[in-house]
Amino acid sequence: MAEAQAAALPLREYETIYVLRPDLSKATLEKVASRVEDVVNREGGKLTLVENWGRRALAYPIEHQKRGVYVYVKYLGDGALVAEIERNFRMLDEVMRFQTVKVSEGIDPANVVVDAEALKFEAEDPPAEEEEGLTYEQELGLVEGPRPADRE
């Protein structure tokens, strides 16, 4: 009976952004995305949007990485669902960082329309060659070198 009452309660809408290591294979990226989907379904939530933002530069190095694969997920659920997703992120070595934000409260899941295309995770293969970076001397400004496009 408690489950029926909990299912009738309006849910909250959350969005989570998580950052994965940039050197992961396409299969590994899909495995992490499917794990998030499984947790949402198992905990009685409703996944509404999954976006792969691709490999991007990090604001600061994390675990000796300068880039990461950003994934954006939007879902309906409660606090227990958020706790379970974040617990799973902490157990996965592939996830470098994550953050969850409550977007709104009191949403009736029956009124939410979800496009099936919005739930498909599209993983990219890692770059074939190592991305060219600056040497330590160039980063410190001791040696002239090519300047990255974003710093000109």
Side-chain angles (χ1 to χ4, degrees), residues 10-107 109 112-152:
L11 300 175
R12 297 182 190 115
E13 183 177 26
Y14 293 96
E15 60 185 18
T16 299
I17 297 174
Y18 58 96
V19 182
L20 301 166
R21 291 194 337 250
D23 56 349
L24 298 176
S25 69
K26 189 174 183 178
T28 306
L29 294 175
E30 290 172 350
K31 181 189 80 153
V32 174
S34 68
R35 185 164 180 173
V36 170
E37 183 179 352
D38 292 343
V39 169
V40 170
N41 292 333
R42 185 179 65 229
E43 294 295 319
K46 185 173 186 179
L47 200 59
T48 58
L49 180 65
V50 177
E51 291 180 353
N52 181 358
W53 289 351
R55 284 174 180 75
R56 296 173 179 236
L58 299 170
Y60 53 89
I62 301 173
E63 299 176 8
H64 306 289
Q65 301 288 337
K66 293 183 180 182
R67 300 181 70 77
V69 178
Y70 284 73
V71 181
Y72 173 80
V73 180
K74 204 168 191 178
Y75 53 92
L76 303 176
D78 56 3
L81 171 60
V82 174
E84 182 63 18
I85 287 176
E86 291 183 352
R87 186 185 73 80
N88 277 272
F89 284 153
R90 282 187 212 96
M91 290 190 311
L92 293 171
D93 292 333
E94 295 88 356
V95 178
M96 295 192 299
R97 291 285 190 275
F98 59 88
Q99 183 169 10
T100 302
V101 177
K102 180 174 68 172
V103 178
S104 61
E105 278 190 57
I107 296 183
V112 176
V113 178
V114 180
D115 182 21
E117 286 294 316
L119 299 180
K120 291 184 180 176
F121 179 79
E122 299 173 7
E124 302 171 349
D125 287 323
E129 68 267 351
E130 183 68 30
E131 296 175 3
E132 186 176 319
L134 298 176
T135 64
Y136 187 67
E137 291 83 10
Q138 290 171 336
E139 285 181 5
L140 293 175
L142 300 174
V143 177
E144 287 292 322
R147 299 186 81 176
D150 62 342
R151 293 188 184 177
E152 290 183 11

Closest non-hydrogen contact found for R21 with E63 is CD-OE1, 4.3 Å

Between P22 and Q65 the two heavy atoms that sit nearest each other are CG-OE1, 3.2 Å

Paired with N88, the side-chain hydrogen bond (donor to acceptor under 3.5 Å, both in side chains) test is passed by just one of E86, E84, R90, namely E84

Report the distance from atom [atom1] of [X] to atom [atom2] of [Y], rounding to the nearest 0.5 Å.
{"X": "L20", "Y": "T28", "atom1": "CG", "atom2": "OG1", "result": "9.5 Å"}
{"X": "L81", "Y": "R12", "atom1": "CG", "atom2": "CZ", "result": "11.0 Å"}
{"X": "K102", "Y": "D78", "atom1": "NZ", "atom2": "CG", "result": "12.0 Å"}
{"X": "D23", "Y": "R67", "atom1": "CG", "atom2": "CZ", "result": "12.5 Å"}
{"X": "T48", "Y": "E15", "atom1": "OG1", "atom2": "CD", "result": "9.5 Å"}
{"X": "L11", "Y": "E105", "atom1": "CG", "atom2": "CD", "result": "11.0 Å"}

Can you check whether [X] reaches [Y] side chain to side chain, under 4.5 Å on heavy atoms?
{"X": "L58", "Y": "K66", "answer": "no"}
{"X": "V19", "Y": "I62", "answer": "no"}
{"X": "V40", "Y": "Y14", "answer": "no"}
{"X": "I85", "Y": "T100", "answer": "no"}
{"X": "Q99", "Y": "I17", "answer": "no"}
{"X": "V69", "Y": "L24", "answer": "no"}
{"X": "E94", "Y": "R35", "answer": "no"}

Next item on the list: Go through Y75 and V82 one step at a time and tell me if the side chain to side chain contact (heavy atoms under 4.5 Å, CB included) criterion holds.
Entry: CA-CA 10 Å; Y75 53 92; V82 174; 3.8 Å; yes

Residue pairs passing the ring pair (Phe, Tyr, Trp, His ring centres under 6.0 Å) test with at least one member in residues 80-106, sequence neighbours excluded, are Y18-F89, F89-F98

Ring pair (Phe, Tyr, Trp, His ring centres under 6.0 Å) pairs touching residues 33-70, sequence neighbours excluded, are W53-Y72

Note to self: For the backbone of V73 and the side chain of T16, can you confirm whether one donor and one acceptor N or O come within less than 3.5 Å of each other?
What the structure shows: no

